[in-house]
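One structure below.
Computed from a predicted model, the values in this text were never measured in an experiment.
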Amino acid sequence: MTVRYLISGSVQGVGFRWFVARHARSLDVGGYAHNLPDGRVEVVARAADPGPLEKLEAFLRAGPANATVERVDREDLADESGVPTRSFDIR
C-alpha cells in the first residue's frame with residue numbers, strides 16, 4: 001500500500017525531511033520526502049501493511065521540535081511504481 005501525504009505549516013528549513021526519513025527507516029517504510037515550492041513537504045510512503053504507515057502518519061502530525069505542523073492531507077495511491085520499497089530517500 002502506498003500513501004501520499006502533504007504536510008503544511010512551518011515544515012521547511014527545520015529538518016522535517018530528515019525527521020521523516022529517520023522514522024520511516026525505523027519502521028521499514030519505503031518512499032521519499034520532498035520539499036515543494038509552495039512551502040509544503042510531500043511524503044510518499046510504501047509498506048506492506050497499514051500499521052507502519054499509521055505510525056509514520058502520527059510522526060508526520062507531530063513533526064520535529066522546530067516545526068509547526070498545521071495540516072496533513074493523506075491520499076491513498078493505486079499506482080506504486082516508482083516508489084522505493086527498500087529505502088526511504090530525501091529528494
Side-chain angles (χ1 to χ4, degrees):
M1 104 181 308
T2 303
V3 179
R4 178 181 186 229
Y5 300 98
L6 294 175
I7 302 95
S8 304
S10 178
V11 293
Q12 290 190 12
V14 293
F16 198 93
R17 291 176 300 155
W18 296 99
F19 170 86
V20 173
R22 182 175 74 243
H23 289 293
R25 290 171 184 150
S26 74
L27 295 167
D28 290 324
V29 171
Y32 61 88
H34 169 74
N35 282 343
L36 297 175
D38 65 4
R40 295 179 297 171
V41 172
E42 174 188 44
V43 174
V44 177
R46 183 174 177 185
D49 300 311
L53 294 175
E54 291 169 4
K55 291 177 183 176
L56 181 64
E57 186 172 338
F59 285 119
L60 296 178
R61 292 185 182 284
N66 294 327
T68 302
V69 176
E70 295 175 1
R71 183 175 173 162
V72 176
D73 294 315
R74 176 189 167 131
E75 174 187 6
D76 293 330
L77 301 178
D79 180 13
E80 298 179 0
S81 64
V83 178
T85 59
R86 300 181 193 264
S87 67
F88 195 91
D89 303 328
I90 296 172
R91 297 185 176 173

Practice task
Evaluate the side-chain proximity of Leu60 to Phe16: yes if any heavy-atom separation is below 4.5 Å, no if none is.
Solution key: yes
Problem - Atom of Val11, atom of Gly39 and distance for their closest heavy-atom approach - result: CG2-O, 3.5 Å
Problem - Side chain proximity check, Glu42 to Tyr32, heavy atoms < 4.5 angstrom - result: yes
Handout entry: Nearest-0.5 Å distance, CE of residue Met1 to CG of residue Asp76
Key = 5.5 Å
Exercise for the section: Could you label the plane-to-plane angle of the Phe19 and Phe59 rings as parallel, tilted or perpendicular, counting under 30° as parallel and over 60° as perpendicular? Expected result: perpendicular
Problem - Shortest non-hydrogen contact between Ala47 and Val29, atoms and distance - result: CB-CG2, 4.3 Å
Handout entry: Nearest non-hydrogen partners of Ser87 and Asp89, listed with the distance
Key = OG-OD1, 3.2 Å
Practice task
Flag the pair Leu53 / Tyr5 as yes when at least one side-chain heavy-atom distance between them is below 4.5 Å, and no otherwise.
Solution key: yes
Problem - Pairs satisfying salt bridge (Lys or Arg N to Asp or Glu O under 4.0 Å), at least one member in residues 50-69, at least two apart - result: Glu57-Arg61, Glu57-Arg74
Fill in the blank from the handout: Closest non-hydrogen atoms of Pro52 and Leu27, given as atom of the first, atom of the second and distance, are O-CD1, 3.6 Å
Practice task
Please determine which of Leu36, Val41, Asp38 meets the side-chain contact (heavy atoms from CB on, under 4.5 Å) test together with Leu6.
Solution key: Leu36
Exercise for the section: Could you note down all residue pairs passing salt bridge (Lys or Arg N to Asp or Glu O under 4.0 Å) where residues 9-28 supplies at least one of them, sequence neighbours left out? Expected result: none
Practice task
For residues Val20 and Ile7, determine if any side-chain heavy atom of one lies less than 4.5 Å from a side-chain heavy atom of the other.
Solution key: no
Practice task
Might you point out which heavy atoms bring Arg40 and Ser8 nearest each other, and give the distance in Å?
Solution key: CD-OG, 3.3 Å
Exercise for the section: Decide yes or no for Val44 and Arg46: does some side-chain heavy atom of the first lie under 4.5 Å from some side-chain heavy atom of the second? Expected result: no
Handout entry: Where Val14 and Pro64 come nearest, the two heavy atoms and their spacing
Key = O-CG, 3.9 Å
